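Remarks on the structure that follows.
Here the structure is a predicted model, which is why all the values come from computation and not from measurement. Throughout, protein chains are lettered first and strands after them, A, B, ... in sequence-line order, and every chain is numbered starting at 1.
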There are 2 protein chains.
Amino acid sequence: MSSTLGYALLGLIARRPRTGYELSQALRVPVGYFWTASHSQVYPELVRLEAERLIRGTVVPGPGPRDTKRYDITADGRAALAEWVTTPVSDAPPRSEELLKIYSIWLADPSRARTMIAAELARHRTQLARYEALATEFEQAAPVAATQPGFGDVATLRYGLTYERHFIDWYEWLSDQLR
Amino acid sequence: MSSTLGYALLGLIARRPRTGYELSQALRVPVGYFWTASHSQVYPELVRLEAERLIRGTVVPGPGPRDTKRYDITADGRAALAEWVTTPVSDAPPRSEELLKIYSIWLADPSRARTMIAAELARHRTQLARYEALATEFEQAAPVAATQPGFGDVATLRYGLTYERHFIDWYEWLSDQLR
DNA sequence: TGATGCATGTAACTGGTTACATGATTTT
DNA sequence: AAAATCATGTAACCAGTTACATGCATCA
């Protein structure tokens with residue numbers, strides 16, 4: 001196997017069996033806070049994963065009008081996923097359009113630049129608030145061991161939280177510089 | 001105009017005229033620390049930018065065997081770039097394969113997980129050291145106004161620096177959790 | 001009766017990566 | 001003599017986005 005999307009799907013199915021529709025819905029919001037996909041990507045990928053015997057689909061009567069297919073992970077799928085998570089990530093740095101804009105911010109009109117930065121700050125503060133609300137929920141629940149699925153949620157949420165805080169700090173510094 | 005790559009190129013050319021080859025070289029290392037491209041993307045994009053009169057190319061004798069084309073930004077190009085940098089970024093969250101792996105780390109063999117995390121920590125520490133060396137250089141130079149090209153470098157480097165520190169803190173927390 | 005949700009697909013297009021191609025000059 | 005650098009392109013492929021298509025059930 002190869003594609004990152006495939007592993008994103010395996011990661012979801014490994015937690016509990018799901019239908020293609022449910023997986024498509026889940027991927028509209030970023031999995032682990034940093035991966036999205038559209039349903040037009042999901043359905044063909046599920047076909048590929050099943051062909052490779054990493055997941056198994058069984059037709060069940062759906063809650064909607066049509067029958068639906070519920071996918072479950074196989075032993076092979078679980079092994080493939082467990083192996084993938086510990087292989088080194090590609091060393092290509094992540095792309096950021098946001099940073100690329102700041103690279104050329106020096107030639108923008110200063111008042112427009114300040115407006116733009118204020119808008120980005122607001123956006124990141126909203127996101128931070130969302131993460132903080134989730135974090136509060138998590139803290140009230142029982143602590144999770146590192147071998148429980150919930151650990152993935154806690155760890156990625158913690159990253160999201162500090163990621164947004166760091167972004168906000170930086171934008172605050174930036175808006176200071178433009179004053 | 002539209003493509004992000006086009007704006008990355010404009011951002012470089014706005015600082016000083018460059019040849020296609022020089023631009024390809026510059027983009028092998030991420031511009032603003034967060035955007036790369038290969039030469040096979042750069043050359044066609046330069047043709048498009050010139051067709052839109054955002055840049056102007058003049059043939060000059062190159063340092064190598066072939067003649068080369070040196071591109072300079074036009075008034076239109078500068079205006080397009082200045083406008084783009086203050087328009088809101090797409091609200092799609094950035095993708096991160098790294099985070100997606102952590103989302104499923106719970107089902108990995110714990111000792112392999114620890115090894116992987118140690119490797120990622122080392123990678124981020126190396127990157128941080130690189131950024132810190134650059135930051136020291138910048139601090140020794142004269143301070144730059146927000147309307148000077150150097151401001152883009154200083155601001156993006158500052159982001160890179162805190163980004164890596166934040167990543168390192170998070171991985172340290174993570175390796176604590178796995179112990 | 002019109003919108004929303006359930007449910008699954010295909011097609012066209014865009015952006016990016018990898019590989020292939022060519023050929024002169026300079027350095028080892 | 002071979003490798004690296006200069007210099008610029010094309011082609012094939014892969015991943016991801018947007019749009020198109022269908023049709024039933026439920027709710028406002």
Side-chain angles (χ1 to χ4, degrees), chain A residues 1-10 17-31 34-52 55 57-71 89-97 100, chain B residues 1-10 17-31 34-51 55 57-71 84 89-97 100:
Chain A
M1 232 256 293
S2 49
S3 92
T4 308
L5 172 63
Y7 293 110
L9 290 168
L10 284 181
R18 266 178 257 220
T19 66
Y21 185 75
E22 286 167 343
L23 291 163
S24 302
Q25 293 299 307
L27 275 156
R28 291 179 54 178
V29 140
V31 175
F34 290 90
W35 205 271
T36 54
S38 60
H39 80 273
S40 65
Q41 254 187 301
V42 168
Y43 289 109
E45 186 64 32
L46 288 171
V47 171
R48 278 191 287 274
L49 290 174
E50 194 174 17
E52 289 179 75
I55 58 175
T58 43
V59 177
V60 294
R66 280 198 204 176
D67 276 356
T68 184
K69 217 168 174 183
R70 170 155 286 118
Y71 293 98
V89 302
S90 83
D91 61 346
R95 282 160 198 285
S96 169
E97 202 183 302
L100 192 60
Chain B
M1 233 255 294
S2 49
S3 93
T4 308
L5 172 62
Y7 293 110
L9 289 169
L10 284 179
R18 265 176 259 220
T19 66
Y21 185 74
E22 286 167 344
L23 291 162
S24 302
Q25 293 299 307
L27 276 155
R28 291 179 55 178
V29 140
V31 175
F34 291 91
W35 206 272
T36 53
S38 60
H39 80 272
S40 65
Q41 254 187 303
V42 169
Y43 289 109
E45 186 64 32
L46 288 170
V47 171
R48 279 192 286 273
L49 290 174
E50 194 174 16
I55 58 174
T58 43
V59 177
V60 294
R66 279 198 206 178
D67 276 355
T68 184
K69 217 168 175 184
R70 171 156 285 117
Y71 293 98
W84 176 75
V89 302
S90 82
D91 61 345
R95 281 160 198 287
S96 169
E97 203 183 302
L100 192 60

Q.
By the 4.0 Å heavy-atom rule, please label A/T19 as base, sugar-phosphate, or nothing.
A. nothing

Separation of D/dG16 atom C1' from A/R28 atom CZ, nearest Å, is 16 Å

Shortest non-hydrogen pair, A/G6 vs A/L49, comes out as O-CD1, 3.9 Å

Whole-Å distance, B/Y43 OH to C/dG16 P, equals 18 Å

From OH of B/Y21 across to C1' of D/dT8 the rounded distance in Å is 11 Å

note: B/L23, atom CG; D/dT8, atom C1'; distance rounded to Å ~ 13 Å

Practice task
Check every strand shown and say whether B/S40 touches a base, only sugar-phosphate, or nothing at a heavy-atom separation below 4.0 Å.
Solution key: base

To the nearest angstrom, the CH2-C1' distance between A/W35 and D/dG16 comes to 10 Å

**Under 3.5 Å side-chain donor-acceptor pair for A/E45 and A/S3** = yes

A/Y7 atom OH is separated from D/dG16 atom P, nearest whole Å, by 14 Å

Quick note, B/H39 side chain, CB onward, closest among D/dT8, C/dT8, C/dG16 is D/dT8

Here the pair of heavy atoms bringing A/H39 nearest to A/S24 is CB-OG, 3.5 Å

Per atom distances to the A/T68 side chain, the nearest of D/dT8, D/dT18, C/dT8 is C/dT8

Per atom distances to the A/L5 side chain, the nearest of D/dG16, D/dT18, C/dA7 is D/dG16

query = If we only count heavy atoms from C-beta on, is the B/Y71 to B/E50 side-chain gap below 4.5 Å?
reply = yes

Whole-Å distance, B/D91 CG to D/dT17 P, equals 12 Å

Worksheet item: Just to confirm, is there a sub-4.0 Å distance from OP1 or OP2 of D/dT17 to any side-chain nitrogen or oxygen of A/Q41?
Response: yes

Nearest-nucleotide check on DNA chain D, B/R95 vs B/Q25; residue mapping nearer the 5' end is B/Q25

To the nearest angstrom, the CZ-C1' distance between B/F34 and C/dG16 comes to 19 Å

| With a 4.5 Å heavy-atom cut-off, do B/Q41 and B/L5 have their side chains touching? | yes

